**Q** 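My questions all concern the structure below.
In this text, all values refer to a predicted model and were calculated from it rather than measured experimentally.
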Amino acid sequence: MKTDTYRKRPFGWIACAALAAMVVGVTGCSSDSDSGEKKPAADGSSADRPKEEKKDDAATPPPSNTRQSSAEEAVAAWVTAVVKGQPKKACLVMAEPASGSSPAQVGSPSRCNSDDPEVRKMRENLGRFRESFSPKPPPSDPQVEVAKTPATGGKAVVPADKVTIDGKSLDKVIVSNSSGVKEGQLDVNMTSSKIDDAWYVTDFALDIG
């Protein structure tokens, strides 16, 4: 597969589906249409994967006033939710900035918990990030830290090597879960933007070179 297929792709409510498919292709994860929150893997490798988090579906979503006060908090909350297999919680810290006449769309309990086909598909595909982002052995309670990142104009770009999961940098975790990608070839960045005095994850760029 040509590596330029993966260069600097945006991550939004709808674009997430395409991006997830690319991440699955790069890391060699399962291509099943169901996310981890629906059913466990049937093969013997399931022991190496994080335990299923059923409570994300059943639990009451966090209140709408749950707001991240910094770019680092938003990225940390998003990565934590992904690793724990909680795509609805990840959704709550995602947003699409305003564009032209379209207002910004931020994650809310009503939107992230809805049965809207696009949102449901987005949640499924967020589940596919889980294997890529999970260290081995998979942590049940991942401790995610994000190094201080300068923000300009209400936006901060956080490289994956500035994010650690239980002390392991996210870029190295992704490479270790990959198939055919070597350290130094992968460039992953998450963008966090300030919208209405709160910070959200608004973009994800994946570059292989």
**Q** If you take all heavy atoms of K168 and P135, which pair is closest and at what distance?
**A**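 Shortest heavy-atom separation between K168 and P135 comes out as CD-CB, 3.8 Å.
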**Q** How close do S192 and A71 get, heavy atom to heavy atom, and via which atoms?
**A**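 Heavy-atom minimum between the residues: OG-CA, 3.4 Å.
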**Q** Below 4.5 Å, heavy atoms only, C-beta onward: do P87 and E124 meet side chain to side chain?
**A**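 P87 vs E124: side chains apart.
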**Q** In Å and rounded to the nearest 0.5 Å, what is the CG to CE distance from D203 to M94?
**A**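 One gets 10.5 Å once the value is rounded to the nearest 0.5 Å.
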**Q** Kindly write out the residues that satisfy side chain to side chain contact (heavy atoms under 4.5 Å, CB included) with A104, not counting sequence neighbours, or none if the list is empty.
**A**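 So A104 forms a side chain to side chain contact (heavy atoms under 4.5 Å, CB included) with A98, I195.
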**Q** Under 30°, 30 to 60°, or over 60°: which ring-plane class applies to F133 and F204, parallel, tilted or perpendicular?
**A**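 Ring orientation of F133 relative to F204: parallel.
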**Q** For L170 and V188: C-alpha separation, side-chain torsions, deciding distance, then whether side chain to side chain contact (heavy atoms under 4.5 Å, CB included) applies.
**A** CA-CA 9 Å; L170 179 57; V188 176; 5.5 Å; no
**Q** What are the two closest non-hydrogen atoms of K155 and S193, and how far apart are they?
**A**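 Looking at all heavy atoms of both residues, the closest pair is CE-OG, 3.8 Å.
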**Q** Membership question, hydrophobic clusters at under 4.5 Å side-chain separation (ILVMFWY): are M190 and V173 in the same one?
**A**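 In one cluster: no.
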**Q** Applying side chain to side chain contact (heavy atoms under 4.5 Å, CB included), name anything that partners K148, two or more places apart in sequence or on another chain.
**A**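 Side chain to side chain contact (heavy atoms under 4.5 Å, CB included) list for K148, sorted by chain: E72.
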**Q** Given the rule that I, L, V, M, F, W and Y join up when any side-chain heavy atoms are under 4.5 Å apart, are V201 and W199 in one cluster?
**A**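 V201 does not cluster with W199.
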**Q** Would you name the heavy atoms of A81 and A90 that are closest together and state the gap between them?
**A**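 Looks like CB-N, 3.5 Å.
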**Q** With W78 as reference, evaluate L126, V146, L92, V163 under the side chain to side chain contact (heavy atoms under 4.5 Å, CB included) test and give the passing residue.
**A**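 Single side chain to side chain contact (heavy atoms under 4.5 Å, CB included) partner of W78 among L126, V146, L92, V163: L126.
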**Q** Closer than 3.5 angstrom, by distance alone: can the side chain of R111 be matched with the main-chain N or O of V106 as a donor-acceptor pair?
**A**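 Checking the backbone N and O of V106 against the side chain of R111, no donor-acceptor pair under 3.5 Å is found.
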**Q** How long is the gap from NZ on K162 to CG on N189, to the nearest 0.5 Å?
**A**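 Answer for the NZ-CG pair, K162 versus N189, is 11.0 Å.
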**Q** Any idea which heavy atoms bring A95 and Y200 closest together, and the distance?
**A**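 In this case the closest contact between A95 and Y200 is CB-CB, 3.5 Å.
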**Q** For the residue pair P139 and V83, establish whether any side-chain heavy-atom pair is separated by less than 4.5 Å.
**A**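 Heavy-atom side-chain distance check passes, below 4.5 Å.
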**Q** What distance separates D116 CG from K121 NZ, expressed to the nearest 0.5 Å?
**A**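 Rounded to the nearest 0.5 Å, the CG-NZ separation comes out at 13.5 Å.
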**Q** Hey, what do you get for OG (S70) to NZ (K194), rounding to the nearest 0.5 Å?
**A**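 Result: 10.0 Å between the selected atoms.
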**Q** Check whether any side-chain N or O of S99 sits under 3.5 Å from a backbone N or O of S102 as a donor-acceptor pair, and report yes or no.
**A**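 Side chain of S99 to backbone of S102, a donor-acceptor pair under 3.5 Å: no, none is there.
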**Q** Under the side chain to side chain contact (heavy atoms under 4.5 Å, CB included) rule, collect the residues that match up with Q143, sequence neighbours excluded.
**A**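 If we apply the side chain to side chain contact (heavy atoms under 4.5 Å, CB included) test to Q143, skipping adjacent residues, the hits are D141, D166.
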**Q** I need the K172 NZ to I165 CD1 distance, nearest 0.5 Å.
**A**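 It comes to 13.5 Å.
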**Q** Show, in sequence, the C-alpha distance, side-chain angles and deciding distance for N177 and K136, and conclude whether the side chain to side chain contact (heavy atoms under 4.5 Å, CB included) test is met.
**A** CA-CA 9 Å; N177 289 326; K136 291 183 174 59; 2.4 Å; yes
**Q** Using 0.5 Å steps for rounding, measure from the SG atom of C91 to the CE atom of M122.
**A**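 Output value for this atom pair is 3.5 Å.
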